[in-house]
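For the single chain, residues carry numbers from 1 onward in sequence order.
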Amino acid sequence: QVQLVESGGGLVQAGGSLRLSCAASGQTFSSFTVGWFRQPPGKEREFVAAISRSGGTTYYADSVKGRFTTSRDNAKNTVFLQMDSLKPEDTANYYCAAHSRHIYYMSYDYWGQGTQVTVSS
């Protein structure tokens with residue numbers, strides 16, 4: 001098992017930046033692919049980004065490509081989501097999730113509690 005805790009959310013103006021963190025505890029963190037998801041108000045949860053176990057491979061939803069960057073520090077059991085050029089439509093509750101399969105596998109086993117990001121226009 002692995003436990004995930006997100007942090008770093010908040011209120012930011014359009015065009016600004018935020019950096020989310022996902023801290024893990026439990027099993028060896030480097031064994032897990034980590035994904036980021038978000039759920040805008042009144043909408044379904046959607047995929048944002050994912051990073052492989054080593055951090056060598058990442059991929060992104062088209063809506064955030066070029067603006068968001070995910071990275072990880074396995075020595076610190078932490079994954080990051082750097083969000084730049086934020087838009088009001090990025091407003092959502094952001095979650096990190098993990099599984100022990102390859103990066104393109106989309107069924108995640110472990111989830112954090114989420115952190116709210118609000119982008120004002």
Side-chain angles (χ1 to χ4, degrees):
Q1 279 228 350
V2 62
Q3 293 77 43
L4 304 171
V5 178
E6 303 94 338
S7 62
L11 174 64
V12 63
Q13 289 188 331
S17 297
L18 281 175
R19 189 192 198 201
L20 305 185
S21 297
C22 173
S25 61
Q27 292 187 14
T28 305
F29 185 55
S30 59
S31 300
F32 292 89
T33 292
V34 175
W36 290 95
F37 294 79
R38 66 186 182 186
Q39 186 165 17
K43 297 184 179 180
E44 294 187 352
R45 187 172 62 199
E46 61 186 23
F47 170 78
V48 174
I51 186 165
S52 63
R53 299 168 194 142
S54 67
T57 303
T58 58
Y59 77 103
Y60 302 89
D62 288 343
S63 58
V64 306
K65 201 172 295 182
R67 301 188 299 120
F68 290 12
T69 304
T70 187
S71 59
R72 67 191 297 163
D73 184 342
N74 284 339
K76 296 183 177 180
N77 288 352
T78 304
V79 172
F80 305 98
L81 184 68
Q82 177 67 40
M83 305 186 296
D84 298 319
S85 302
L86 283 161
K87 305 175 181 179
E89 51 264 42
D90 295 318
T91 294
N93 203 7
Y94 282 72
Y95 300 86
C96 63
H99 63 60
S100 59
R101 302 166 186 86
H102 64 78
I103 188 174
Y104 297 108
Y105 188 83
M106 288 302 291
S107 180
Y108 284 77
D109 299 313
Y110 307 104
W111 292 83
Q113 84 290 346
T115 186
Q116 179 67 35
V117 171
T118 302
V119 184
S120 63
S121 56

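Interatomic distance, Q82 CD to T70 OG1, rounded to the nearest 0.5 Å: 10.5 Å. Atoms CD and OG1, on Q116 and T91 in that order, are 7.5 Å from each other to the nearest 0.5 Å. Taken from CZ in F32 to CG in N77, the straight-line distance is 10.5 Å, to the nearest 0.5 Å. R19 CZ to D84 CG: the interatomic distance, rounded to the nearest 0.5 Å, is 11.0 Å.
When each of E89, E44, E46 is checked for a salt bridge (Lys or Arg N to Asp or Glu O under 4.0 Å) with R38, only E46 meets the rule.
Judged by distance alone, with hydrogens and angles left aside, the side-chain atoms of S85 form no donor-acceptor pair with the main-chain N or O of G15 at under 3.5 Å. The backbone N or O of S52 lies less than 3.5 Å from a partner atom in the side chain of R72, making a donor-acceptor pair. E6 places a side-chain N or O within 3.5 Å of a backbone atom of Q113 that can act as its donor or acceptor partner.
Between F68 and Y94, the ring planes lie tilted relative to each other; the angle falls in the 30° to 60° range. Classified by interplanar angle (parallel below 30°, tilted 30° to 60°, perpendicular above 60°), the ring pair W111/F37 is tilted.
Two residues are said to be in side-chain contact when any heavy atoms from C-beta on lie closer than 4.5 Å; Y108 and T33 meet this criterion. Contact annotation: the side chain of I51 never approaches that of W36 to less than 4.5 Å [non-hydrogen atoms, C-beta and beyond]. Between S30 and R53, every side-chain heavy-atom pair lies at or beyond the 4.5 Å cut-off. Considering only heavy atoms from C-beta on, L20 comes within 4.5 Å of V117 through its side chain. For the pair D109 and R101, the minimum side-chain heavy-atom distance is below 4.5 Å. Residues Y95 and V48 are not in side-chain contact: their nearest non-hydrogen atoms beyond the backbone lie 4.5 Å or more apart. S31 is not listed as a side-chain neighbour of S100, based on a closest heavy-atom distance of 4.5 Å or more.
Contact record, S21 with T78: CB-CG2, 4.2 Å, taken as the closest heavy-atom pair. Minimum heavy-atom separation, A98 to L4: N-CD1, 3.8 Å. Residues A14 and P88 approach most closely at CB-CD, 4.1 Å, considering heavy atoms.
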> Is there a salt bridge (Lys or Arg N to Asp or Glu O under 4.0 Å) between D90 and K87 once you walk through the steps?
Replying inline: CA-CA 5 Å; D90 295 318; K87 305 175 181 179; over 6 Å; no
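With hydrophobic clusters built from ILVMFWY side chains whose heavy atoms lie under 4.5 angstrom apart, F80 does not share a cluster with L18. Residue V12 is grouped with residue L81 when hydrophobic side chains (ILVMFWY) are merged at heavy-atom distances under 4.5 angstrom, including chains of intermediate members. Under the 4.5 Å side-chain contact rule for hydrophobic residues, Y60 and V34 share a cluster.
Not counting sequence neighbours, the partners of Y105 by the ring pair (Phe, Tyr, Trp, His ring centres under 6.0 Å) test are H99.
In the displayed structure, K76 atom NZ is contacted under 6.0 Å by at most 12 heavy atoms of other residues, nucleotides or ligands.
Residue pairs meeting the disulfide (SG to SG under 2.5 Å) criterion with at least one member in residues 87-121, sequence neighbours excluded: C22-C96.
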